[in-house]
There are 2 protein chains.
Amino acid sequence: MVSSIAELISDRIGTMPAGERRAAQTLIANYPLTGLKTVAEFSAAAGVSSPTILRFVARLGFQNYPEFQSALQDELAAQLQSPASRTLNPSSAGGAVSPMLEATLDNMRETFRHLTDRQLADIATRLAERRGKTFLIGGRFTDPLARYMAAHLAIIQPDVYHLAGQESIWRDRLIDMGKRDVLVIFDIRRYQESLVRFAEKAHHRGVQIILFTDQWLSPIARFARHVIAGRTAVPSAWDSSAALFVVVETLIGAVTRQLEAAGAKRMRDLESLR
Amino acid sequence: MVSSIAELISDRIGTMPAGERRAAQTLIANYPLTGLKTVAEFSAAAGVSSPTILRFVARLGFQNYPEFQSALQDELAAQLQSPASRTLNPSSAGGAVSPMLEATLDNMRETFRHLTDRQLADIATRLAERRGKTFLIGGRFTDPLARYMAAHLAIIQPDVYHLAGQESIWRDRLIDMGKRDVLVIFDIRRYQESLVRFAEKAHHRGVQIILFTDQWLSPIARFARHVIAGRTAVPSAWDSSAALFVVVETLIGAVTRQLEAAGAKRMRDLESLR
DNA sequence: GGGGCGCTGTATCGAATGTTACGTATTTTG
DNA sequence: CAAAATACGTAACATTCGATACAGCGCCCC
């Protein structure tokens, strides 16, 4: 049984020709508002012609476009009257919402529960007001997080470097690091020996280390000035870095805010360079 | 200042003549759906004539009926996109939780609400059972997501390539791509022209494109076989890719499950290589 | 490589919608 | 109580919308 039109669409989207599929995707992307507009507007949004929209609607089993819109409105009416149902995934008629999503949301809540605003603010301040350089590095699966953070930080402040490539390459960068510098390390299970060694050496050079790790704490925690422990357990063969990802985004936002004056000017300068 | 049309109405309902007041009450009674219907239906519901509805709308300050409907739709769009705005009460959060976290959690719920299990399963199957190669590429800020996905997929199946570096480099890789191949693209605002061009060319070569984008849909959606639209709005200077990140992890998990037999063997082989 | 099929856009038509003019009813005011 | 002003509905109008026929195009299969 099909309870919602969205479900109906995703059932049949596989059997649709390209044009109608584009219509379907645009509708799903911000459901159901696009369907409430006129055919012309709908077709423009989807980048197809009006007849394609009508064929799309016909394929879903509606006699005409107004009938389709009425169905959408009825659905919307039901939703608006019981806001609680909005949090449920319609496809979860069986009851099971994506267990992956549930676990991830829990991980985030739990991660932030163990993270005080004070801690976040302190770390943000250290990243914003450091007098030296900022280096970022990650492990096998967490390196993208380091990259993501570096990509943003590098825009709002100078001297941000992501350490990539072979171990020998970034090991040699140690020579540039000193007390005024900050090193952001991402390391979750299984902890990488090379990263631990690197962290230890950096620590001895007086570098301030900010560590992103999992709840079991990488051995690097011994050398770290700040430690962020994210929950990683999900019903999957892999650990999840999503909670850490959100912490990263939160920090990026906080640092940006602190550097608002200086950062804004810098961003304008960058814009003008393009 | 009047933030919503409902407010505007209750402000002026006192100064309205009887007929228009009935219109106003009918609209408020099940707001805003009645306003989205036609003038004839609206008038019938309110028990007045069409011109009365139009006069009512004019009194609210709208030039014509379509303009009034557009305003209602915009308002509805804003509501639907941030469910937090309605449920947002600080006490239920149990203390000062980061608004950044709240918005992110909402984004994820909303993203998955627009994503049926069927869609995810279809995409996972395409990634798992493709007969050719898998290519991944991302934009300025989303490239780390492509890397993250590639890092995992490359472990459980062969022929997974992340396209990085200069445009000319991955443009040349087009020559290796064909009908049996899959191209995963990440592109959120502001959409990158170079990626669009790349996607178009790949599409013409018959490559199956899986697109990760935001709710406003990158122009690449025109060429994509599958589109995943994630919510990105957060109280920050930057857009959030966290929702897309979770979808990525979910897909990685699903593909891994599908390839369990083959993948497990492959992972054991990899282990023994170390 | 050729023939057939299916998909898609352009142009056109009919219908339904929003809009306006005008006459009647109702209320308000002197 | 009378007269004016306002409100309201009926009916005709113009516009926009949804629907359809048709031709071009690409694609797949033989």
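Note on naming: letters A, B, ... go to the chains in the order of the sequence lines (proteins, then strands), and numbering restarts at 1 for each one.
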(request) Using a 4.0 Å heavy-atom cut-off, write out nucleotides 25-30 of chain C from 5' to 3' as B (base contacted by protein), S (sugar-phosphate only) or - (no contact). (result) ------
Would you tabulate the pairs of protein nitrogen or oxygen atoms and nucleotide nitrogen or oxygen atoms of nucleotides 23-29 of chain D closer than 3.5 angstrom?
none

(request) In plain terms, say whether B/Asp239 and B/Arg189 are close enough for a salt bridge, that is, a side-chain N and a carboxylate O under 4.0 Å apart. (result) yes
(message) Looking at B/Arg113 and B/Glu110, is any side-chain nitrogen of the basic one under 4.0 Å from a carboxylate oxygen of the acidic one?
(response) yes
(message) Hydrogens and angles aside, do B/Gln258 and B/Thr125 bring a side-chain donor and acceptor to less than 3.5 Å of each other?
(response) yes
(message) For B/Thr213 and B/Ser218, which I'm curious about, is there any donor-acceptor pair between the side chains at under 3.5 Å?
(response) no
(message) Applying ring-ring contact (aromatic ring centres under 6.0 Å, His included) as the test, list every pair that has at least one member in residues 12-61 of chain A; sequence neighbours left out.
(response) none
(message) Tell me which pairs pass ring-ring contact (aromatic ring centres under 6.0 Å, His included) where either residue lies in residues 142-172 of chain B, with sequence neighbours left out.
(response) A/Phe141-B/His152, A/Trp238-B/His152, B/Phe135-B/Tyr161, B/Tyr148-B/His152, B/Tyr148-B/Phe245, B/Trp170-B/Phe198
(message) Angle between the two end axes of the helix from C/dG1-D/dC30 to C/dG30-D/dC1, five base pairs per end, rounded to 10 degrees?
(response) 30°
Check nucleotides 4-10 of chain D for protein N or O atoms closer than 3.5 Å to its own N or O atoms and list the pairs.
unit_1 : atom_1 : unit_2  : atom_2 : d
D/dC8  : OP1    : B/Ala18 : N      : 3.2
D/dC8  : OP1    : B/Gly19 : N      : 2.5
D/dG9  : OP2    : B/Ser49 : N      : 3.3
D/dG9  : OP2    : B/Ser49 : OG     : 3.0
D/dG9  : OP2    : B/Thr52 : OG1    : 2.7
D/dG9  : N7     : B/Arg55 : NH2    : 3.2

(message) Please give me the minimum heavy-atom distance between B/Gln157 and B/Thr134, naming the atom from each residue.
(response) NE2-OG1, 4.3 Å
(message) Side chains of B/Arg126 and B/Asp122, heavy atoms from C-beta outward: is any pair under 4.5 Å?
(response) no
